Amino acid sequence: MLEGRAASWIFSVSFRMSSSKLDLSRCRKSYCCSGILPFDSKRRKMLVNIVTVGVGFIVLIFYFGLSPCGITAASTDSRASWIRKVKNVDPDSPCPSQVFCDGPLLQAVQQLHMYRDSKSYVDKPLNNRSEKAVLRNFNQIKEPVTKETLKMFLDENFLPIGSELIRYRPADWKNIAEGGLPLHKNISDDSLQGFAEIIHDKWEKLGRTFSLDVAEHPHRHSLVYVPHPFIVPGGRFREIYYWDSYWVIQGLLVSGMSGTARGMLLNFVKLINRFGHIPNGNRIYYEKRSQPPLLAMMVDVYRKHPNTPPADRDSILKEVLPALKVEHDFWMTRRNVTVKVGGQEYTMNVYRGGIRKPRPESYREDVEHAARLTGFQSSGDFYANVAAACESGQDFSTRWLESPEADFNTMRTEQILPVDLNAFLCAMENLMGQFYAASGDMENADLYQTLALARGDAIHAVFWNETRSMWMDYDLRGRRQKEIFYASHIAPIFARCTGNKVNILQTSFMERVMKSDDLKKISAFPGGFPQSLQTPRASCQWDYPNAWPPSQMMLIEGFALNPDLRKAVIPWAQKWLSAVYTGYKNTGYFFEKYDALNPGKYGGGGEYIVQEGFGWTNGGMLRLLELYPTELTSAEVDIAAPGA
């Protein structure tokens, strides 16, 4: 039995040595299994020579404990883990796991519809056993596999969803009487004071930390361990999400919880150090894709907030700046494109999925869509474009389709140059320049400030539409601007992304954008700004009539930070607060998204039912009350759009 396994391992490794240097380099960099000494060129040559001697000789060496990645012998479990990873490295797969990311078990669970929500299976921890043991047990199920036999297998080999997470009251959470939520005393409306306190109390319900098993036995979990407690969005979203956390951190700071906010920043540093970027969320099935890069903006919010300890406003930079550089390098080497407009070339960025197989958390949905492809693209291209749309944070939208009327299977996110991503990267470069200057590194400060100004000019050259007074996405394949407006197109204002040639932060320029037809149209709805005016599709929830909290806050805060426009934005702020306040009064819940047509009603569409919680909604409300503590009211009011 041992000899058979060893022979199988030798064949796999020798084949990869002869056919692919990439696999060996990945082993050397990432999969060394407990060996203390590095896998240098001498040992590589030695291992190749050993393989060529013969399988029998190798079996003896392997039996007596030679570690493939060094001279020190590894434990049996570590060796098994390394073998499993080497055999299953697939650049198209979301991750190496044959339980959570790919393989016959995942396929069987999803295709037999074992769970209503595809995400349920991949969030379940293993029941005190290794992946290898689980796969062995699965292989022992007699054919044909039925829902009944598979249910018995799942009940025996997996633990309940969320059992590895512990609900956690953040250590720095305080009630109002103890000094929590310092903003509370500044809110003039008594009902909104109570509303803010209710939101403040939600941090207790959304706080999480890990059971010890996640750190001690990481291969039993799809969750990726991070060292500090964190806030989850809520509902089916039981893990950290990257761009959601910007508004969560804003809310935590308003609540006076700078310690929790700092811990979340350091969790992101940990993820960058492990993956080279911040994944969509801290699950292994998310590791190939990121989300809108807002870490630098989170750090900026943290440094500038009055509830942050003054001593930490600069000291935090020592811990995050190296990671920010790594993240910037990821976007500039893995998500970069060159676009030529007006005779000049610009280096800019797109969202990419990093995979060419179905998303594990939506495996069934992806396979069903791919089965209906009509020749527009291959299944691999389709899976990549779907994952890229998830990286945008806007999954899904007609924005990513061939046209607003086109079928979902025409999704081509990777060929669309997005306004918002490039604005966020402009903010990152600008802020990194400021952070390096604050740290005394003027060489890097000048470098990143120069990059930010150049990107600001590129954004204006590529995206700005003079006729519409608005930025528009750019179609890389068609070599032209796209014609449909989405609320995220105002991201350059939110990101404070100006260039050498045009200062978009001048009041006159911002007034022009505010009075554009596009903004007038979406600001005319009673329940917030719809993400677009495109006819809704079953899978496209980032469209009409859904009003999404991040887009509301980017619009409101982007303009409100200009002192000359602050008063003009109050009607927008009042409209959004009234929608969320009405929703809470009617249902007792805070939702992930809302209906712009019906104030307070939750939004619809998408791959899952509407979720309650909800991190970015709660954080955004506290930030809104911080921006306008005396101007907003809980009373029913007749709201007019600014600039009308």
Side-chain angles (χ1 to χ4, degrees), residues 392 394 396-401 403-406 416 418-420 423 459 463-475 480-495 504 507-537 540-560 562 565 567-580 582 593-605 620 624 637-644:
S392 78
Q394 297 178 28
F396 297 101
S397 169
T398 56
R399 183 183 183 192
W400 312 123
L401 304 183
S403 69
E405 302 79 22
I416 296 170
V419 175
D420 46 349
I459 286 173
F463 298 126
W464 179 251
N465 188 302
E466 186 70 17
T467 302
R468 297 177 66 160
S469 300
M470 185 56 64
W471 298 273
M472 307 299 289
D473 290 333
Y474 187 86
D475 185 340
R480 58 180 173 77
Q481 286 183 356
K482 294 177 72 68
E483 298 178 357
I484 306 300
F485 171 74
Y486 296 88
S488 48
H489 289 171
I490 54 78
I493 296 287
F494 171 70
I504 70 168
T507 300
S508 58
F509 189 95
M510 294 178 71
E511 284 179 327
R512 183 180 171 191
V513 175
M514 180 179 279
K515 294 178 180 179
S516 67
D517 285 343
D518 290 311
L519 273 192
K520 282 184 178 180
K521 288 175 182 177
I522 67 167
S523 64
F525 291 83
F529 307 100
Q531 189 66 17
S532 76
L533 297 179
Q534 299 308 302
T535 302
R537 306 175 63 88
C540 292
Q541 58 177 342
W542 284 80
D543 277 296
Y544 178 88
N546 286 341
W548 288 85
S551 297
Q552 316 302 306
M553 292 306 300
M554 285 194 287
L555 271 160
I556 294 167
E557 187 161 9
F559 288 97
N562 181 321
L565 300 177
K567 186 176 180 180
V569 179
I570 292 175
W572 287 355
Q574 181 65 64
K575 180 187 297 186
W576 181 235
L577 182 135
S578 294
V580 177
T582 298
K593 62 195 175 204
Y594 289 79
D595 184 343
L597 288 169
N598 299 287
K601 183 181 177 183
Y602 58 78
L624 208 55
V637 291
D638 183 21
I639 303 164

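Every value quoted in this text rests on a predicted model; they were computed, and no experiment measured them.
- Proximity of Q534 to Y544: side-chain heavy atoms (C-beta onward) are nowhere separated by under 4.5 Å.
- Across all their heavy atoms, C540 and S397 have their closest contact at SG-C, 3.7 Å.
- Atoms CG and CG, on N546 and L597 in that order, are 9.5 Å from each other to the nearest 0.5 Å.
- In summary, E483 and R468 do not engage in a salt bridge, as defined by a charged side-chain N under 4.0 Å from a carboxylate O.
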One pair to check against side-chain contact (heavy atoms from CB on, under 4.5 Å): I522 and L555. What are the steps and the verdict? CA-CA 11 Å; I522 67 167; L555 271 160; 4.2 Å; yes
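- Side-chain contact between W464 and S469 is present, with heavy atoms from C-beta onward closer than 4.5 Å.
- Proximity of F559 to L519: side-chain heavy atoms (C-beta onward) are separated by under 4.5 Å at one or more points.
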What's the verdict on side-chain contact (heavy atoms from CB on, under 4.5 Å) for R399 and W542, showing C-alpha distance, side-chain angles and the deciding distance? CA-CA 9 Å; R399 183 183 183 192; W542 284 80; over 6 Å; no
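- The heavy-atom pair separating T582 from P599 by the smallest distance is CG2-O, 3.8 Å.
- No option in K593, Q531, Q394 other than Q531 meets the side-chain hydrogen bond (donor to acceptor under 3.5 Å, both in side chains) test with S551.
- Between P404 and I484 the shortest heavy-atom distance is CG-CG1, 3.7 Å.
- For the atom pair CD1 (I493) and CE (M514), the distance works out to 9.0 Å, reported to the nearest 0.5 Å.
- Checked by atom type and distance alone, the side chain of H489 pairs as donor or acceptor with a backbone atom of W471 at under 3.5 Å.
- A 4.5 Å side-chain heavy-atom check between Q481 and Y474 finds at least one atom pair inside the cut-off.
- Checked by atom type and distance alone, the side chain of K601 never pairs as donor or acceptor with a backbone atom of G527 at under 3.5 Å.
- Among D420, D473, T398, the single residue meeting the side-chain hydrogen bond (donor to acceptor under 3.5 Å, both in side chains) criterion with Y486 is T398.
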Run the side-chain contact (heavy atoms from CB on, under 4.5 Å) check on I490 and M470 step by step: do they pass? CA-CA 8 Å; I490 54 78; M470 185 56 64; 4.0 Å; yes
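- Put simply, the side chain of W400 reaches to within 4.5 Å of the side chain of I416, judged on heavy atoms.
- Across all non-hydrogen atoms, the minimal contact from S523 to K575 is O-NZ, 2.5 Å.
- When the options W572, W548, Y594, W576 are evaluated for a ring-ring contact (aromatic ring centres under 6.0 Å, His included) with F529, the one that passes is W572.
- The local environment of NZ in K482 is crowded, with over 12 non-hydrogen atoms from other residues, nucleotides or ligands closer than 6.0 Å.
- Between P526 and A596, the shortest heavy-atom contact is CD-O, 3.4 Å.
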